[in-house]
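Some notes on the structure that comes next.
These numbers were taken from a predicted model, which means no experiment stands behind them. Protein chains get the first letters and strands the later ones, always in sequence-line order, with residue 1 at the start of each.
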There are 2 protein chains.
Amino acid sequence: MKKNRATIHDIALKLNITASTVSRALNDNPRISDATKKKVLKVAKQINYQPNHIASALRSGKSKLIGVIVPTANRNFFSSVIRGIEELANSLNYKVIISQSYDDFDKEVQTVEALLNARVDGIIASIAKTTENVDHFQKIIEKGIPLVLFDRITNLLEVSQVVIDDHYGAYQTVDHLIKNGCKRIVHFSSNPRINIYHERKRGYEDALKDNGIEVDPKLITFSNLQLEDGRRIMQEIIDSKIDFDGVFSSSDYSIMGALQVLKENGYKVPEQVKIAGFGNEPFTSFTEPPITTVDQKSIPMGKITAESFFELLNAGSSSPVAKKTILKPELIIRKSSINNS
Amino acid sequence: MKKNRATIHDIALKLNITASTVSRALNDNPRISDATKKKVLKVAKQINYQPNHIASALRSGKSKLIGVIVPTANRNFFSSVIRGIEELANSLNYKVIISQSYDDFDKEVQTVEALLNARVDGIIASIAKTTENVDHFQKIIEKGIPLVLFDRITNLLEVSQVVIDDHYGAYQTVDHLIKNGCKRIVHFSSNPRINIYHERKRGYEDALKDNGIEVDPKLITFSNLQLEDGRRIMQEIIDSKIDFDGVFSSSDYSIMGALQVLKENGYKVPEQVKIAGFGNEPFTSFTEPPITTVDQKSIPMGKITAESFFELLNAGSSSPVAKKTILKPELIIRKSSINNS
DNA sequence: TTGAAAGCGCTAACAC
DNA sequence: GTGTTAGCGCTTTCAA
């Protein structure tokens, strides 16, 4: 258990200069001569100096830490976005703290507080499904700390946000289903307070209308969109003898459940019922038949989210640019939604 | 942009006491009277005091941060373990920094360094597939910082580790396949330097031997165990006309790929070929047929890993207890491996 | 181009 | 029980 970690003072001592000079040399301050910098770097390596970020954070007020809050890192979409954020952040010498809200409002509030206490330099977040108000996010803004939201956003907040065009994604998908013969399309939606579900539902409705099909409220269901929800709802619809020939879900998980139940009840997919999900989770390509879905462009989203974040960070308090970026999602057509040739 | 964050001095001033007293009160020090504590807490709330963890970390040398390194948070197993760790850690007022190595050796080394510089109080890790040496982990130990490894471990290091009994899991699975009629079982393995793949291969071999079946090296393949690897290898085996009637993979991803290729080539699963994976990824229950697999007990593993970690942390430099915990995995039998009744 | 000095906010001996 | 004092390791004016 060695406690004798090297400090800038040790370097200073060895070179007969002061700690300030060492600090400046280490930070590549232009006012330090190249000769000194070289010597400092050399000794630093030699005595295995490791900078103490804690001390520098305390003094400078900059922790070089970014907090990222996601509902769950477990989902392909979120983990891809995180990777995009990490890549840019790391290249700029920032570290990323990933926190999961587990889609729980209280946990989200706690997490925000914890990150603030850890003195992160900024926060990037995707809002939990159960979040009821955004006071905790408002607090971040009030403190002058950069905040960027992605995917699950809110328009109650004046912040930079990055989303895909959910309306467009849903519209394309439903239009595609109709073009392949569907007339009675069930829609699995969720909490309409959450932008993405609201937009996808709008896209669904608009595609129907534009194709001269009336929106039937009996075909629209609301749930948490988990696999079990998909199973339950699909079974209920089958049992209720409601007429349908297509299903468009706002989530790949619930469409997976629906597919299982359809097959269990002897429905042929896509011959009798055509289905499509949203999210392009890897498993949608594994199923039988593979499921048509919408890719959310997670990699560019991560990149752009991080870029917006650093823009904000560098702007400082000067111009509070609340920029909204909208990416075009991509419809991935697979067997579950097309007529056999 | 308000910079006027409240400090313990502000509280002290209001109450005509000193900062030390406030600090002690806030930390529930037993030498402070209840009356004082109450007053302090009240004022703290009133002026919206938020403790500065950075300052406290610098002074005390304890950051209350735990670094967790996983290959990818994207996998169900790892995210469950993380959740288990987070739960205990948070209840003890520790924060968790999740870092992903993306199974890349260099990234892992960098990550360790970054966490060390962030002055985490300890590190919990699962080693990357490509890791060639463990010097970076050795460094952690030498600094006297608690280190616990889980799942992907190494016996080159004298540290606490938590694993499942991979040999047992594989043995049970292969024994099950044999009991259901398999005689020529293909095995998908990976880098044998990694304990889990080595152990699973041993379990496979021992189960064969104990059932009087000779181990045929031609049936054992090595790869990265991704879906594509499973596809490629399965196709190669089919093309090579090697005789086989079962496949046991060390990963659910590659068995998924194998299943696809088997079906594409007209093989009936489980009638002609019985298959089983490892990991109990959610999608294994979605497939057609659902895939027999081994559950890795992620939840208990997270809990126990965290417990071992805090044991170590609390032991301090006193007794360097390198405890090894071995959990029993559970064989999940599904249609892919059993004879139709 | 470098040094001196102060201090970020907190904790922890030691004193009383 | 509470106060005094010093300092964790670094950055940053101000001065030279």
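In this structure, CD1 of A:Ile11 is placed 15 Å from P of C:dT2, rounded to the nearest angstrom. Distance OH (A:Tyr49) to P (D:dG9): 10 Å, rounded to an integer number of Å. Straight-line distance from the CZ atom of B:Arg5 to the P atom of C:dG7: 21 Å, rounded to whole Å. Here the P atom of nucleotide D:dC10 and the NE2 atom of A:His53 are 10 Å apart, to the nearest Å. Distance CZ (A:Arg59) to C1' (D:dT11): 5 Å, rounded to an integer number of Å. Protein atom CD1 of A:Ile17 is 13 Å distant from nucleotide atom P of D:dC10, rounded to whole Å. Note: CG (A:Asp10) to P (D:dC8) measures 11 Å, nearest angstrom.
Under the side chain to side chain contact (heavy atoms under 4.5 Å, CB included) criterion, B:Arg59 pairs with no residue, sequence neighbours left out.
The shortest distance between the side-chain N/O atoms of A:Thr18 and the OP1/OP2 oxygens of C:dG3 is below 4.0 Å.
Nearer to the 5' terminus of DNA chain D, by closest-nucleotide assignment, is the contact made by B:Pro30 (compared with the other of A:Asn52 and B:Pro30). DNA chain D is contacted by both A:Arg31 and B:Ile32; B:Ile32 maps to the nucleotide lying nearer its 5′ end (nearest heavy atom per residue).
The aromatic rings of A:Tyr94 and A:Phe310 lie perpendicular to each other, with more than 60° between the two planes, well past the 30° mark.
Side chains of A:Asp104 and A:Thr130: no donor on one and acceptor on the other come within 3.5 Å.
Taking 3.5 Å as the limit, the base of C:dT1 and the side chain of A:Arg24 contain no donor-acceptor pair of atoms between them. No hydrogens or angles were tested; on distance alone, a donor-acceptor pair under 3.5 Å links the side chain of B:Ser20 to the base of D:dT4.
Residue A:Ile54 is out of contact with every strand shown, counting any heavy-atom pair closer than 4.0 Å. Heavy atoms of A:Ser23 sit under 4.0 angstrom from at least one base atom.
Remark: B:Lys129 NZ is packed, more than 12 non-hydrogen atoms of other residues, nucleotides or ligands lying under 6.0 Å away.
Of the candidates D:dG3, D:dC10, D:dT11, the closest approach to any side-chain atom of A:Asn27 belongs to D:dT11.
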